[in-house]
Amino acid sequence: MATARGLSFPDDTTHLEPRAFERWQARRRWARAGLIYVVMLAFAIIFIGPLLFATVSSIKTDPLEYPPSLVIPQLQSANWSAAARLGVAGAGDRWFGGFAPGAVVPFEITYFVRDGVEVTTPDVVVPRRRPGAGPGAVLAMDFAADYASVSETVISRRQPTVVEVGETTVAGELVTFAFTITYEGDGPRTDRLPLDVTADLGMTYVESTLTASRLERRGRTASFENAAPGLFGYVLRNYVRVFNEVRTPATRQSLFAVWIGNSFVFAFFRIIITLVIASMAGYALARLRFRGRELIFMLVLFAQMVPLQVLFISNYLVLRDGIISIDGFKLSALWGYPDGMLNSLTGLLFVTALNAGAVFIMKQFFESIPREVEEAAMIDGASHWRRYWSVVLPMARPALGALTIITFQAAWNDFFWPFIVLTSPETMKTLPIGLLSFRNIYGGVGDWGLILAGAVLSALPVIILFIVFQRYFLEGVSFGGGKE
Amino acid sequence: MRHHRQDTIAAYLFLLPFLLLLTIFFGYATVRAIYFSFTDYDLFTTPNWVGLRNYIDLFADPLFLSALRNSVLFAIIVTTIQTFLALVMASVLNQKVRGIGFFRAAFFMPSVTSSVVITLIFLWMFQRRGLFNYLTHQFQSAAPLIATFVALLVVFQVAQVAWERTRRLPATWFDPALFVVSLLIAGGGTWLLHVTGVVSARELPPVDFIWLQTRATIPAGAPFWLSVPIPLAAIMIQNIFTTVPTFMLMFLAGLQDVPKSHYEAASLDGASAAQQFFHITIPSVRPVTFLVLTLSMIGTLQMFDQVAIFGDAAPLRSMVTLAYFVYNRMFPGAQTPEVGFAAAGAIFLALFTLTVVLIQRRIVRSEAI
């Protein structure tokens, strides 16, 4: 018997031939590599899982359905072609559908009717249903119900069948009913054509031209959000709602589109401001010798450590007073803000312009360029400005690129300052705090489809940027890890 | 060093925009916050000097005490768990394998998206019939199967290692090749027992654990300073999830500098994986550990976004943190703003963070000697 101690020294304990032992070890190495991939895959699923699951659920009619299922009608190709066909029938639009004058929408719905139950035609109604719970529901709008007329319902097919319910089998037949919905006369085009079909007791919904959005009363009532949705209107319904449903009461602008615009404008100017200020300050700190340099550098480090909560009290007041207010005259009136700079992107840019971290990065970068390189490219007697502008700055392109990406991410994701500065009106907000408005409006009533769709859309630009410029994001982290 | 006058002028011109911003939005702001903390300012009337009253009142304010308790527990629990998880994950992943780039990117994905997006997704998963309760339910239902699987796994692994050892091969208890075989056998065995009906999942009612709209705490009925409100625990889970990848990558960068020969020498001397972890991995990433602990402490003590985004989804007392307390006193909705009081809270938060970081620095330093 081998003792546990002796096991550590394969050469003198094993009685396998050297080549067999070699194979034994190779087998271990392969298994080890395989296990590592399995572990990494498990981690990847854990970390991307919630994002992916939210993305998939964002196309569901109800992302809170229980138990959560990955069998989603919106992902079935039969529904795609039906949705496009119905969209064309409803408004001649295969992408977004709708209900317009001249529409004739054919629809079929199949019920299971058990033997002994009399087959009766179901009740078909185009209800006056308001969309969602948000401002969209409040806005005056046209209802398809006012213009739709439903034809007589006829039986188009009957087929005997047997279904299994648990242990027992139930005999009956599948009965398909057909009807058409017609737009009567002339009128406005409506975005949606809601539909409710209710059958008598003993009849159970099986299928229809388009899978029902909801079943009620034990499968007797099939409810459709939109019977003429078009492909996008069906598959990406929540995404269309994100843009269409929440609008300003006055101008009927899509709030979500406004927020996206604001976020891009904010990010764009914040990048420009950061690049200019940080590269100038970084250059001075890295290259020039002057009194007070050490003190300023200390302040740069210190400014990054003080919590935002200490600074926001005064900064909020500074924006309210338009920098300085003297006898009611606010300094910001000079650049068009006589009432102070709260609730403006300009104000937001002011408070976020102080970026000590960016100054630190640029200083470190300029110090990494050897002085000789700068001097070799130098024309004697050139001013500091020309050195900075025509020699050093072109060399700093990689650092400026990295700073651009980091700043875009910071601006796009920024929550704290927009939350403090942009409180009203809704059209002033950036995406993250706009999404918070969504949550306040829709979260309370459990309408998560729209919130998730908005969240996925707002995460998209940064995720794309991350996939393309991964290096910059990950290097920043490794840099932090590598230093003392 | 001689300072040229021209250099000095040029330097200050270059620094002018930055210094202006630094003066107004940092220097002036800090001084003003300190000043306000000694007054009864309320945004509308002239501030009156009240000395240390605000600071004394803080410790009599129930909301502040809740915030202090929540922030401290949040910082300690989250920092401990996420540092440990990040280090363990990094040492598992510290391998030269193909495709590591893809996995690194995948792990990092939650960290690049905004706090609002991640928090909204978690808020959705924490609903009463959300993903968390569903997965808990699935796990509880499948518990007999999982237990069977683990038992089979252990039995077969032990049997195989014992067999190899009788053949005088140096198999360790976690021998990877044997482990793969044990996994396959245990999986197949569990499946067999399942289809033959020997072991089956339990029939349980759905889990209806309330994560958000509750004042309950973990552990229930613990003293005030030791009880973690459940909504705060939900935020902890989310915070760990989003921060672990970042710290893991930092550790990974640190680990890559540790020479492989250290580990090889140790395993020749018969050191187990756990011994290697505690005696080689942990000491060699000490500088990174210090950085991670500091960043984690600062981040968790100043947690704000999640509380603001949860908003009315959970009771304020059950999740308020020091950072949110300051905001809440500055903008208390319909009440009069208590700017002086808010400022005192903010200064307390800053000093508290600084103290914690300094103490931690001292502890890490003294251990190093």
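Remember, predicted model here, so these are calculated numbers, not experimental data. Here is the naming used below: chain letters follow the sequence lines, and residue numbers restart at 1 for every chain.
- Residues B/L349 and A/V310 have side chains not in contact (no heavy-atom distance under 4.5 Å, counting atoms from C-beta outward).
- Using a 4.5 Å heavy-atom threshold, the side chains of B/M109 and A/F466 count as touching.
- Interface remark: A/A33 contributes no atoms to any contact with chain B (heavy atom separation under 4.5 Å).
- Between B/F25 and A/F350, the ring planes are tilted. Angles from 30° to 60° get that label.
- Interface remark: A/L465 contributes no atoms to any contact with chain B (heavy atom separation under 4.5 Å).
- Contact count versus chain B (heavy atoms, under 4.5 Å) is highest, among A/I45, A/L64, A/V462, for A/L64.
- Looking at A/L354, the atoms closer than 4.5 Å to chain B (heavy atoms on both sides) sit in the backbone and in the side chain alike.
- Of all the listed residues (B/L15, B/V112, B/T30), the one sharing the greatest number of non-hydrogen pairs under 4.5 Å with chain A is B/V112.
- Interface summary for chain A: among B/L16, B/I24, B/L93, the most heavy-atom pairs under 4.5 angstrom belong to B/L93.
- A perpendicular orientation is assigned to the rings of A/Y388 and B/F14, their planes being inclined by more than 60° (bins at 30° and 60°).
- A/N315 and B/A29 make their closest contact through OD1-CB, 3.4 Å (heavy atoms, listed as atom of the first residue, atom of the second, distance).
- Among the candidates B/L131, B/N133, B/V181, B/L20, the residue making the largest number of heavy-atom pairs closer than 4.5 Å to chain A is B/L131.
- Under the 4.5 Å side-chain criterion, counting only non-hydrogen atoms from C-beta, B/V92 is not in contact with A/M40.
- For A/F312, the part lying near chain B is the side chain, with the backbone staying farther off; criterion is any non-hydrogen pair under 4.5 Å.
- Of the listed residues A/I296, A/L299, A/L308, A/D414, the one with more heavy-atom pairs under 4.5 angstrom with chain B than any other is A/I296.
- In this structure, B/L183 and A/L35 have side chains that are in contact, with non-hydrogen atoms separated by less than 4.5 Å.
- Taking the centre of each ring, A/Y316 and B/F331 come in below the 6.0 Å mark.
- Using a cutoff of 4.0 Å between basic side-chain nitrogens and carboxylate oxygens, A/R27 and B/D175 are not scored as salt-bridged.
- B/E164 touches chain A through its side chain: at least one heavy atom from C-beta onward sits under 4.5 Å away, while N, CA, C and O do not.
- Interface residue A/V359: only side-chain heavy atoms are found under 4.5 Å from chain B.
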Can I get a per-line list of side-chain donor-acceptor pairs under 3.5 Å for residues 113-128 of chain B, giving both atom names and the distance, sequence neighbours left out?
unit_1 : atom_1 : unit_2 : atom_2 : d
B/T113 : OG1    : B/P110 : O      : 3.1
B/S114 : OG     : B/V117 : N      : 3.3
B/S115 : OG     : B/D305 : OD2    : 2.8
B/T119 : OG1    : B/S115 : O      : 2.5
B/T119 : OG1    : B/Q238 : OE1    : 3.4
B/W124 : NE1    : A/P63  : O      : 3.3
B/Q127 : NE2    : B/L123 : O      : 3.0
B/R128 : NH1    : B/D208 : OD1    : 3.3
B/R128 : NH1    : B/D208 : OD2    : 3.2

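- With respect to chain A, the highest number of heavy-atom pairs below 4.5 Å among B/A33, B/A323, B/A10 belongs to B/A323.
- Per-residue counts of heavy-atom pairs under 4.5 Å with chain B were compared for A/I273, A/V39, A/N355, A/L288; the largest is that of A/L288.
- Within the model, atoms NE2 of A/H384 and CG of B/D7 stand 4.0 Å from one another, a figure rounded to the nearest 0.5 Å.
- The side-chain heavy atoms of A/Q309 and B/F304, taken from C-beta on, include a pair separated by under 4.5 Å.
- Between B/F26 and A/F302, the ring-plane angle classifies as perpendicular under the 30° and 60° cut-offs.
- Chain B forms more heavy-atom pairs under 4.5 Å with one residue of A/W30, A/F438, A/W385, A/F419 than with any other, namely A/F419.
- To the nearest 0.5 Å, the span separating CE on A/M305 from CG on B/L354 amounts to 7.0 Å.
- A donor-acceptor pair is defined here as one N or O able to donate and one able to accept, closer than 3.5 Å; no such pair exists between the side chain of B/R129 and the backbone of A/Y66.
- With a threshold of 4.5 angstrom between heavy atoms, A/F43 approaches chain B through its backbone and through its side chain.
- A pairwise comparison of heavy atoms in B/F310 and A/R439 identifies O-NH2, 3.3 Å as the closest pair.
- Under the ring-ring contact (aromatic ring centres under 6.0 Å, His included) criterion, A/F408 pairs with A/W412, not counting sequence neighbours.
- Proximity to chain A is absent for every atom of B/R329, based on heavy atoms less than 4.5 angstrom apart.
- Between chain B and the residues A/L41, A/L460, A/I323, the largest count of heavy-atom pairs under 4.5 Å involves A/L41.
- For the atom pair CD1 of A/I313 and OG of B/S37, the computed distance is 9.0 Å after rounding to the nearest 0.5 Å.
- Relative ring orientation between B/F103 and A/Y37 is described as tilted, the plane-to-plane angle lying within the 30° to 60° band.
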### Query
Does the pair A/F21 and B/L169 meet the rule for a side chain to side chain contact (heavy atoms under 4.5 Å, CB included), with working shown?
CA-CA 9 Å; A/F21 186 68; B/L169 281 164; 4.0 Å; yes
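- For A/F47 against B/P245, the heavy-atom pair with the smallest separation is CE2-CG, 3.6 Å.
- Contacts of B/T242 with chain A are absent, with no heavy-atom separation under 4.5 Å from either backbone or side chain.
- For A/L317, the parts lying under 4.5 angstrom from a heavy atom of chain B are both the backbone and the side chain.
- When the candidates A/G446, A/A455, A/P68 are compared by the number of heavy-atom contacts under 4.5 Å with chain B, A/P68 comes out ahead.
- Most heavy-atom pairs under 4.5 Å with chain A: of the set B/Y134, B/Y28, B/F18, this distinction falls to B/Y134.
- Taking the side chain as every heavy atom from C-beta outward, B/R32 and A/V318 approach each other to under 4.5 Å.
- Distance CD/A/Q470 to CZ/B/F102: 10.0 Å, rounded to 0.5 Å.
- Among B/F36, B/Y327, B/F174, the residue with the largest count of heavy-atom pairs under 4.5 Å with chain A is B/Y327.
- For a residue to count as touching a neighbouring chain, one of its non-hydrogen atoms must lie under 4.5 Å from one of that chain's; by this rule A/R287 does not touch chain B.
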